[in-house]
Amino acid sequence: MKIRSALSALALVTGALFAPGFGVLSTSTDAQAATKVTHATATSMFSSSGITWSSSGGCSDRNTPTCTSFDQLNLDSAKGAQTLKSASGCALNITGGTETGHAGGTYSHWNGYKLDFAKATCVTNYVKNTFTYIGIRGDGAPQWQSGAGNVYADEGNHWDVTFHSCGC
């Protein structure tokens, strides 16, 4: 079993070394563009994993703040939600996506890096017992970071998750 783990780690490191724009053997200095998905693609991915979503406005228009839209969501964010669902075994309900009305910035909802999840005991216990507490965010929200680098901020009535990778 240890040999398999060592070989898996070696394969991951080797892949990272040669990944375009990322590895030490890369010549690119610009960040690689994220692969974006449509609302339809994201909802299909979520449905296939048993992830639900809801909208206070009952809509999916990206330009309406009361809607929950997945247009222009990063593929890694959609996959990250699927990973969270399968790793935690918890019911997940997404309450915020790429719609306008969230805080701005590079790693924002609008840019496809964030999803909001409804608060539930199962998810809260999973995050707090599995990930590393990394302190309070500027707005006062306590944060936990997964081994994959994703950040889970407890915003009181929901989890605000920044996906930096498709891992949980």
Side-chain angles (χ1 to χ4, degrees), residues 19-22 30-131 134 136-168:
F22 293 102
D30 295 331
Q32 298 296 306
T35 301
K36 303 292 186 175
V37 298
T38 64
H39 183 81
T41 297
T43 57
S44 176
M45 291 174 70
F46 297 148
S47 291
S48 73
S49 296
I51 299 170
T52 60
W53 58 94
S54 57
S55 162
S56 61
C59 50
S60 61
D61 179 2
R62 180 168 159 81
N63 296 304
T64 303
T66 56
C67 295
T68 297
S69 175
F70 305 122
D71 277 331
Q72 298 299 304
L73 183 67
N74 292 343
L75 178 60
D76 276 354
S77 298
K79 288 181 176 180
Q82 290 178 306
T83 301
L84 176 61
K85 168 72 175 160
S86 64
S88 69
C90 298
L92 292 181
N93 182 53
I94 301 171
T95 59
T98 59
E99 65 279 349
T100 190
H102 298 279
T106 301
Y107 299 104
S108 64
H109 282 272
W110 184 261
N111 288 337
Y113 287 92
K114 288 187 169 206
L115 290 170
D116 289 341
F117 295 93
K119 208 70 170 300
T121 302
C122 182
V123 177
T124 297
N125 288 342
Y126 179 78
V127 169
K128 291 183 177 182
N129 294 325
T130 307
F131 303 142
I134 58 170
I136 303 293
R137 197 168 65 182
D139 63 357
Q143 304 174 101
W144 286 261
Q145 187 170 34
S146 74
N150 300 324
V151 177
Y152 293 71
D154 183 348
E155 292 191 348
N157 63 349
H158 69 273
W159 284 99
D160 176 76
V161 182
T162 307
F163 290 100
H164 294 286
S165 77
C166 58
C168 190

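All values derive from a computational prediction rather than experimental measurement.
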Peer 1: Please report the interatomic distance CD(Q145) to OG1(T162), rounded to the nearest 0.5 Å.
Peer 2: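 Q145 atom CD to T162 atom OG1 measures 10.0 Å (nearest 0.5 Å).
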
Peer 1: Side-chain donor-acceptor pairs under 3.5 Å in residues 75-82, sequence neighbours left out?
Peer 2:
unit_1	atom_1	unit_2	atom_2	d
S77	OG	G112	O	2.7
Q82	NE2	M45	O	3.0
Q82	NE2	S49	OG	2.9

Peer 1: Taking G105's backbone N and O only, do any of them form a donor-acceptor pair with N111's side chain (distance below 3.5 Å, no angle check)?
Peer 2: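 Yes; judged by distance alone, with no hydrogens or angles, the pair exists.
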
Peer 1: Donor-acceptor check, side chain of T64 to backbone of T66, threshold 3.5 angstrom: yes or no?
Peer 2: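 No, because the side chain of T64 does not come within donor-acceptor range (under 3.5 Å) of the backbone of T66.
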
Peer 1: What are the two closest heavy atoms between D139 and E155, and how far apart are they?
Peer 2: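 Closest pair (atom of D139, atom of E155, distance): OD2-OE2, 4.2 Å.
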
Peer 1: Within this structure, what is the OG1-CD1 distance for the pair T68 and I94, rounded to the nearest 0.5 Å?
Peer 2: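 The distance works out to 9.0 Å.
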
Peer 1: Would the distance check show the side chain of D154 and the main-chain N or O of A141 forming a donor-acceptor pair, the cut-off being under 3.5 Å?
Peer 2: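 The answer is no, because no donor-acceptor pair under 3.5 Å joins these two groups.
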
Peer 1: Measure the spacing between CD of Q143 and CD1 of I136 and express it to the nearest 0.5 Å.
Peer 2: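 The CD atom of Q143 sits 8.0 Å away from the CD1 atom of I136.
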
Peer 1: For the pair Y113 and H164, name the ring-plane relationship: parallel under 30°, tilted 30 to 60°, perpendicular over 60°.
Peer 2: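 Because their plane-to-plane angle lies in the 30° to 60° range, the rings of Y113 and H164 count as tilted.
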
Peer 1: Is the backbone of V127 close enough, under 3.5 Å, to the side chain of T130 for a donor and an acceptor to pair up by distance?
Peer 2: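 Not confirmed, T130 side chain does not pair with V127 backbone.
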
Peer 1: For the pair S165 (side chain) and A148 (backbone), establish whether a donor and an acceptor sit closer than 3.5 Å, ignoring hydrogens and angles.
Peer 2: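 At least one qualifying donor-acceptor pair exists.
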
Peer 1: Filter on ring pair (Phe, Tyr, Trp, His ring centres under 6.0 Å), then keep only pairs touching residues 76-103, sequence neighbours left out; what's left?
Peer 2: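 Output for this query lists H102-H109.
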
Peer 1: Checking K114 side chain against D160 main chain: does a donor-acceptor pair fall under 3.5 Å?
Peer 2: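 Not a single qualifying donor-acceptor pair exists.
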
Peer 1: Given side-chain hydrogen bond (donor to acceptor under 3.5 Å, both in side chains), test D71 with T98 step by step and report yes or no.
Peer 2: CA-CA 6 Å; D71 277 331; T98 59; over 6 Å; no

Peer 1: Give me the atom names and distance for the closest heavy-atom approach of T95 to H158.
Peer 2: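 Between these two residues, the closest heavy atoms are OG1-CB, 4.4 Å.
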
Peer 1: Compare all side-chain heavy atoms of K36 with those of L73 and state whether any distance is below 4.5 angstrom.
Peer 2: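 SC-SC contact between K36 and L73 ruled out.
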
Peer 1: Tell me, please, which residues at least two apart from W110 pass ring pair (Phe, Tyr, Trp, His ring centres under 6.0 Å).
Peer 2: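 W110: no ring pair (Phe, Tyr, Trp, His ring centres under 6.0 Å) contacts found.
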
Peer 1: Is Y152 close to L84 at the side-chain level, that is, under 4.5 Å between some pair of heavy atoms?
Peer 2: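 Yes, at least one pair of side-chain atoms sits under 4.5 Å.
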
Peer 1: Can you check whether Y126 reaches W144 side chain to side chain, under 4.5 Å on heavy atoms?
Peer 2: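 Counting from C-beta outward, Y126 and W144 never come under 4.5 Å.
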
Peer 1: Nearest 0.5 Å please: distance from the CG atom of N74 over to the OG1 atom of T35.
Peer 2: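 So the gap between those two atoms works out to 8.0 Å.
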
Peer 1: Looking only at heavy atoms, what is the nearest atom pair of G101 and P65, with distance?
Peer 2: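 What the structure gives for the nearest pair is CA-CB, 4.2 Å.
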
Peer 1: First locate atom OG of S60, then atom CZ of F70, and finally report the distance between them rounded to the nearest 0.5 Å.
Peer 2: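 Rounded to the nearest 0.5 Å, the OG-CZ separation comes to 9.0 Å.
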
Peer 1: Should H39 and R62 count as side-chain neighbours, where that means a heavy-atom distance under 4.5 Å?
Peer 2: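 Counting from C-beta outward, H39 and R62 never come under 4.5 Å.
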
Peer 1: Look up atom OH in Y107 and atom CZ in F163, then write down how far apart they are to the nearest 0.5 Å.
Peer 2: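 Going from the OH atom of Y107 to the CZ atom of F163 covers 15.0 Å.
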
